[in-house]
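Excluded from the calculations below are hydrogen atoms, water molecules and symmetry mates; all remaining heavy atoms, backbone and side chain alike, are included. As the structure is a computational prediction, the values presented were derived from the model and not from experiment.
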Protein chains: 2
Amino acid sequence: MSLRFALLALLRVGPLSGYDLQKQFAESVGHVWHAPDSQIYPELRKMEAEGLIAAEEQPRGERATRRVYHVTDAGDDAFTAWMRTPLAYARVRDPAHLRAAYLETTTPAAARDFLHAHVAQWESEIARWEDELTRIDAVENPMLARRLAVTARGDRDRTIAFKRFTYEGLVERARGEVAWARRGLALVDALTGPDGAWAR
Amino acid sequence: MSLRFALLALLRVGPLSGYDLQKQFAESVGHVWHAPDSQIYPELRKMEAEGLIAAEEQPRGERATRRVYHVTDAGDDAFTAWMRTPLAYARVRDPAHLRAAYLETTTPAAARDFLHAHVAQWESEIARWEDELTRIDAVENPMLARRLAVTARGDRDRTIAFKRFTYEGLVERARGEVAWARRGLALVDALTGPDGAWAR
DNA sequence: AGAGGCATGTAATATGTTACATGATTGT
DNA sequence: ACAATCATGTAACATATTACATGCCTCT
């Protein structure tokens, strides 16, 4: 359900072809809401059918065409309406915490592997998001630059402020995950005997 | 994919009917991995077809029967194998952070509503999980009590320790969400003019 | 002529959500 | 007799994942 609003958010900045959209997606909203190309193209068609966006076909070379999408008034309304609607929170469904709850059923080695992987996973996400943060500060992100170009002076600070707010939140959450997993590693150590098996 | 392992984790403690399982689920693993009844019953049938669990039909009154499931050796193997397998991390897909990234496109009032709802959402989760934590300490949780009853003395501490570890992690993460949203509220205040609209 | 990127998808499968449906049994 | 709760699902739909498929255009 959120995918279409992520797409609308990008298209509201200016028209884009499906391909461009998909590329930009990966390096902006994609950090927050991942979607593969194979989901984006069909969703664009559906949104077109529902009148939220419209395509302009542009010739590309002799035979090929590309479809450049723009947001319709209906699409704009749908987006702003969504922004005013309470979010539907999904129930918790978290594989890492599910596994954590049963770590005593496996070996200390497997428990450590899991926790190390958790640290690595979130550290790599932190790296991506911090990278985004520095690019936000430098206004290097292509999508953000386009956005700021069409944005009135007074709005720029807000746009940047909420981007920073968003990514800082993600980074902090990820740091929490890392800290949690490290505490888990300490716990495994504390529960392990000198022979490497669980202490008795 | 994780649902079946959540179910196996519960059934490994001892046989349960689909109904009992579903009830216990809601107040143990369900805090970590939510699933509605309508997903549990079919999954049990699938797991039975795959030989991970087996059902024993018990008469209930004159006409009715209940199917009591237990874990087979194959199911036990599947569970321990899963515990040793690296977790597949899903890509980030987070509606709240998606919306946060575009808060400048709505009114300050709508932004505040969203952030207040975020605080409320996570505070209610915190309450549930902290409740679980006190019940873990009191060994009041029926599922945990059953589990400890079939668990050798030395394993009890570990079982409890990892449960605590899991729920503490959830609570901390949720606290992070609350703190983040509160910072967002302060940010909205800072960006709002005396007329209640965005400052220019 | 060939590589790399532009451009757009389909198909099959898995997973999850929502709403609906039905009837038996037990305790009051 | 009736309510609560035990007990087990089906159907329809929405969403997401993975793998595969196809062909043009531009630059070297």
N/O donor-acceptor pair under 3.5 Å between B/His116 side chain and B/Arg112 backbone: yes
Spacing of A/Arg93 atom CZ relative to C/dT15 atom C1', expressed in whole Å: 9 Å
Any B/Tyr19 side-chain nitrogen or oxygen under 4.0 Å from OP1 or OP2 of D/dT8: no
Sugar-phosphate only, base, or nothing, as touched by B/Asp20 at under 4.0 Å among non-hydrogen atoms: sugar-phosphate
Between C1' of C/dG16 and CD1 of B/Ile40, the distance in whole Å: 13 Å
Proximal nucleotide (of C/dA7, C/dT17, D/dT18) relative to the B/Gln39 side chain: C/dT17
Protein-nucleotide distance (B/Asp37, atom CG; C/dT22, atom C1'), rounded to Å: 14 Å
A/Thr192 (side chain) donor-acceptor with A/Ala197 (main chain) under 3.5 angstrom: no
Test item: B/Arg158 side-chain N/O and A/Ala199 main-chain N/O as donor-acceptor pair under 3.5 Å: yes
Atom pair distance, as rounded to whole Å: CZ in B/Arg66 and C1' in C/dG23: 17 Å
Minimum-distance nucleotide (side-chain atoms of A/Lys46 versus D/dT15, D/dA19, D/dG9): D/dT15
Aromatic A/Trp129 / basic A/Arg173 pairing, under 6.0 angstrom, 45° off normal: no
Length of the line joining A/Tyr41:OH and D/dT18:P, which is rounded to integer Å: 19 Å
Distance, rounded to the nearest Å, where B/Gln58 contributes CD and C/dT25 contributes C1': 15 Å
Selected nucleotide, minimal atom distance to A/Pro42 side chain, candidates C/dT10, C/dT8, D/dA16: C/dT10
Derivation of the ring pair (Phe, Tyr, Trp, His ring centres under 6.0 Å) call for A/His97 and B/Trp33: CA-CA 8 Å; A/His97 283 73; B/Trp33 189 274; over 10 Å; no
Donor-acceptor pair present, A/Ser17 side chain and C/dT8 base, under 3.5 Å: no
Atom-to-atom span, CZ of B/Arg45 to P of C/dT15 - whole angstrom: 19 Å
Length of the CZ-C1' vector between A/Phe5 and D/dT15, whole Å: 14 Å
Of B/Gly18 and B/Arg91, the one whose closest DNA chain D nucleotide lies more 5': B/Gly18
